[in-house]
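Structure, as structure tokens:
Sequence lines set the chain letters: A, B, ... in the order given, protein chains first and strands last, and positions in each chain run from 1.
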Protein chains: 2
Amino acid sequence: MESMIADIRSFNRFYTNILGLLDQSLLGSGYSLTDVRVMLEISLQPFSTAKTLIHQLNIDPSYMSRIIKRLETDGLLEKIPSELDNRLNNLKLTTTGEALIQKMDAKSHDQMKKLLRCLSEDEVRTVVSSMQLIKAKFSEAFYQFKIRDFTFDDIDYVISRHKILYQNEYRLTQVFSDHVDATVNAFAEHFNPERECMFIAEMSGKPVGSIAVASMDDQTAQLRFFLLEPKARGIGIGKKLVDAALLFCIENNYTSVFLDTFSDLKTARYLYAQKGFEIISTHANESWGKNILEERWALYF
Amino acid sequence: MESMIADIRSFNRFYTNILGLLDQSLLGSGYSLTDVRVMLEISLQPFSTAKTLIHQLNIDPSYMSRIIKRLETDGLLEKIPSELDNRLNNLKLTTTGEALIQKMDAKSHDQMKKLLRCLSEDEVRTVVSSMQLIKAKFSEAFYQFKIRDFTFDDIDYVISRHKILYQNEYRLTQVFSDHVDATVNAFAEHFNPERECMFIAEMSGKPVGSIAVASMDDQTAQLRFFLLEPKARGIGIGKKLVDAALLFCIENNYTSVFLDTFSDLKTARYLYAQKGFEIISTHANESWGKNILEERWALYF
DNA sequence: GTTTATTACTGGACTCAGTCCACCATTTCT
DNA sequence: AGAAATGGTGGACTGAGTCCAGTAATAAAC
């Protein structure tokens with residue numbers, strides 16, 4: 001065991017060097033790693049506020065204020081005063097900002113591609129699966145998360161976090177809040193344990209996410225209330241939640257599942273696409289906030 | 001391929017966080033990561049000079065000067081004026097300095113151990129082997145390795161690195177150093193290119209390892225001077241060196257090969273056993289250091 | 001054997017990233 | 001309504017690291 005720990009520490013030193021070399025791609029852009037992380041986060045979740053970024057990226061509030069100010073004067077992002085709370089400013093990259101992020105992302109992607117040019121596709125595949133194993137085990141070691149059935153005590157969590165996270169991240173209106181209140185409560189009230197389910201993701205004993213399967217008819221299920229706390233993102237929990245829900249659908253002989261989401265939720269949309277979902281209809285919904293493009297995704301087993 | 005690159009980059013972001021958390025073990029020590037890297041390097045290679053550190057760790061000369069000065073006034077290292085060149089100062093950690101490094105190393109080790117406590121030994125084993133795979137493939141991608149015949153210019157490298165590495169890693173005495181000096185020089189002097197060979201492993205053009213085949217008689221060869229720099233370990237180069245040496249033995253009609261090693265060299269011993277070597281005799285040798293159990297391994301074709 | 005160039009190192013002045021603290025405006029709690 | 005909490009901001013500061021201009025010692029050139 002001792003020698004394995006030494007091996008892991010040796011890998012850490014090795015990988016520190018690798019990451020150091022890779023970070024040099026940002027050099028010369030005039031923006032620090034932190035600046036880029038901020039822009040990336042805003043790009044992934046438009047209508048973030050300074051607050052959410054401070055927590056997600058673990059940056060000093062004062063420093064964040066300065067970064068945002070600088071990026072704003074550089075024309076890379078714009079502040080949109082929140083209608084719900086005058087202290088808040090929703091943040092959104094300008095087209096210039098998006099373009100810069102895209103350019104950096106492409107550059108970093110190319111750099112990695114170039115690095116891997118001397119490895120065969122099969123070799124890269126083994127590397128990727130090794131990385132996934134490490135990520136999974138380390139997430140487990142660091143955070144201890146699990147997915148469990150919900151209890152009625154979780155309803156409050158699901159409602160309040162849904163409201164807060166969506167409001168903060170996507171600047172949705174009170175109409176959306178009321179909608180969440182109503183639908184979650186209705187779901188819980190008419191809950192049919194034979195045909196429906198709700199799962200809660202826990203990280204170190206605290207709920208950090210949710211997903212539900214609601215029965216539409218004998219053949220058709222709907223995924224609902226899919227939520228993941230920012231701090232729990234990017235370690236495969238979202239995927240596991242969706243997997244658990246889809247497994248439930250298959251086991252219960254549903255032949256199709258659909259879900260409603262909107263175009264800003266990029267990570268979630270990527271996950272749906274990966275699972276085989278396809279967009280079957282879209283429509284603008286202005287009552288939940290400005291410029292919301294609702295989408296209905298469906299998957300047929 | 002594109003999505004695999006995305007996966008790798010996702011792993012990089014994840015692992016950046018992990019490493020960030022781990023680095024916090026240094027916090028509160030009053031020394032920066034750079035300070036520690038400097039001390040570690042001096043600890044591994046005593047009598048380094050500022051010059052060598054500047055190149056090895058890629059630190060600004062002026063900054064290095066300041067770091068050294070600070071560590072000196074803190075009583076962690078001492079400057080020993082070089083007798084050959086008055087501009088040079090040889091650097092050596094004081095016992096306080098060594099103790100500090102040891103303490104930090106132990107702390108870092110414990111931290112990792114604690115982190116892994118919720119994983120089974122088997123799980124850790126899979127993590128370690130995944131890491132080794134990544135290290136091997138990335139090393140291949142980042143650095144270019146090759147194994148080549150030695151030239152007489154390599155003799156100095158083989159002697160000096162043998163001394164330094166064995167002294168650092170196994171606390172061997174001056175007697176061992178002298179022995180290396182004598183045997184390597186003797187080998188080079190009486191070198192018979194028809195029946196003997198020495199291979200050098202190179203990483204990005206710099207020697208990182210060696211192995212030699214010495215002729216004992218028509219039938220019997222001896223493996224000698226097997227060495228691999230720490231940074232080049234764990235990526236299959238040692239195996240390649242031994243393979244090259246054994247191939248040479250077979251091609252030159254030797255019927256047996258033997259080698260002398262000692263019981264502390266666990267990784268090397270594992271490699272020998274894998275190749276079919278067996279221990280044919282052991283004896284304690286106290287003149288090279290404390291508690292050295294010498295072993296003679298042999299392989300018959 | 002003196003001049004010139006190079007090397008190893010050093011100190012001053014500076015930049016840049018990030019932190020700490022005090023403060024304001026707004027919102028929430030009671 | 002008043003107290004407490006929240007989101008955000010600017011001033012002053014620290015600490016890491018860089019740039020440049022030296023100095024002393026050594027090596028090379030003529």
Side-chain angles (χ1 to χ4, degrees), chain A residues 16 20 23-24 26-39 41-42 47-74 77-92 160 163-165 167-169 171 173-174 177 230, chain B residues 16 20 23-24 26-39 41-42 47-74 77-92:
Chain A
T16 303
D23 280 345
Q24 290 174 358
L26 296 174
L27 250 66
S29 71
Y31 293 96
S32 74
L33 206 101
T34 313
D35 295 338
V36 175
R37 285 204 304 154
V38 169
M39 284 191 270
E41 198 59 38
I42 298 173
F47 301 101
S48 303
T49 65
K51 175 82 190 301
T52 59
L53 292 173
I54 285 161
H55 283 99
Q56 279 168 43
L57 304 175
N58 199 30
I59 295 175
D60 178 89
S62 169
Y63 191 35
M64 178 62 78
S65 168
R66 266 180 266 267
I67 289 173
I68 289 170
K69 197 176 174 185
R70 184 158 39 80
L71 295 179
E72 196 189 7
T73 58
D74 286 1
L77 66 78
E78 46 185 337
K79 284 180 177 174
I80 304 163
S82 164
E83 286 161 14
L84 298 163
D85 186 334
N86 286 326
R87 294 170 308 177
L88 301 178
N89 283 309
N90 292 112
L91 303 170
K92 193 170 162 299
S160 72
K163 284 190 201 173
I164 291 169
L165 287 174
Q167 229 166 59
N168 283 337
E169 295 175 20
R171 197 200 169 209
T173 60
Q174 186 65 38
S177 275
Chain B
T16 303
D23 279 344
Q24 289 175 358
L26 296 175
L27 250 67
S29 72
Y31 293 96
S32 74
L33 207 101
T34 312
D35 295 339
V36 175
R37 285 203 305 154
V38 169
M39 284 191 270
E41 197 59 37
I42 298 173
F47 301 101
S48 301
T49 63
K51 172 82 190 297
T52 59
L53 292 174
I54 285 161
H55 283 99
Q56 277 167 45
L57 303 176
N58 197 30
I59 294 174
D60 178 88
S62 169
Y63 190 36
M64 179 61 77
S65 168
R66 266 180 266 265
I67 290 173
I68 290 170
K69 196 175 175 186
R70 183 157 40 81
L71 295 178
E72 195 189 9
T73 58
D74 287 1
L77 66 78
E78 45 185 339
K79 284 180 181 176
I80 304 163
S82 164
E83 287 160 13
L84 299 165
D85 186 332
N86 286 327
R87 293 169 308 177
L88 300 178
N89 281 309
N90 291 112
L91 303 170
K92 196 173 159 296

Distance below 4.0 Å between A:Lys79 side-chain N/O and D:dT9 OP1 or OP2: yes

Point-to-point distance, once rounded to the nearest 0.5 Å, from OG of B:Ser65 to CD1 of B:Ile59: 12.0 Å

A:Lys69 side chain near D:dG8 phosphate (N/O to OP1/OP2, under 4.0 Å): no

Proximal nucleotide (of D:dG10, C:dA17, D:dA25) relative to the A:Ser65 side chain: D:dG10

Donor-acceptor under 3.5 Å (B:Asp35 side chain, B:Ser32 main chain): yes

Distance in angstrom units between A:Tyr63 OH and D:dG10 P, rounded: 15 Å

Spacing between A:Ile68 atom CD1 and D:dG7 atom P, to the nearest angstrom: 13 Å

Sugar-phosphate only, base, or nothing, as touched by A:Asp60 at under 4.0 Å among non-hydrogen atoms: base

Beyond-backbone contact of A:Thr49 with A:Thr52, side-chain heavy atoms, under 4.5 angstrom: yes

A:Lys51 NZ - D:dT9 C1' separation (whole Å): 16 Å

Bend angle of the helix from C:dG1-D:dC30 to C:dT30-D:dA1, end axes from five pairs each (to 10°): 10°

Donor/acceptor link under 3.5 angstrom from A:Arg66 side chain onto base of D:dG8: no

Rounded distance (nearest 0.5 Å) linking atom CD1 of B:Ile80 with atom CG of B:Leu88: 12.5 Å

Rounded distance (Å) that lies between atom P of C:dC16 and atom CG of A:Leu33: 17 Å

Minimum-distance pair of heavy atoms, taken over all atoms of B:Glu41 and B:Ser48: O-OG, 4.3 Å

Whole-Å distance separating the CG atom of B:Leu57 from the C1' atom of D:dG17: 14 Å

Candidates D:dG8, D:dT26, C:dA8 - which lies nearest the side chain of A:Thr49: D:dG8

Distance, rounded to the nearest Å, where B:Met64 contributes CE and C:dT10 contributes P: 11 Å

N/O (side chain, B:Ser32) to phosphate O (OP1/OP2, D:dG15) under 4.0 Å: no

Any B:Lys79 side-chain heavy atom under 4.5 Å of B:Leu91 side chain: yes

Between D:dA16 (P) and B:Asp35 (CG): distance, integer Å: 7 Å

Check: C:dT27 base within 3.5 Å donor-acceptor of A:Arg87 side chain: no

Which residue lies more 5' along DNA chain C, comparing A:Asn86 with A:Ile67 via nearest heavy atoms: A:Ile67

Side-chain donor/acceptor of B:Ser62 to base of D:dC19, under 3.5 Å: yes

For atom CD1 of B:Ile54 and atom C1' of C:dT10, their distance in whole Å: 11 Å

Spacing of CG belonging to B:Asn58 relative to OG1 belonging to B:Thr34, to within rounding of 0.5 Å: 11.0 Å

D:dG7 OP1/OP2 closer than 4.0 Å to side-chain N/O of A:Asn89: no

Heavy-atom side-chain proximity of B:Ile42 to B:Leu53 below 4.5 angstrom: yes

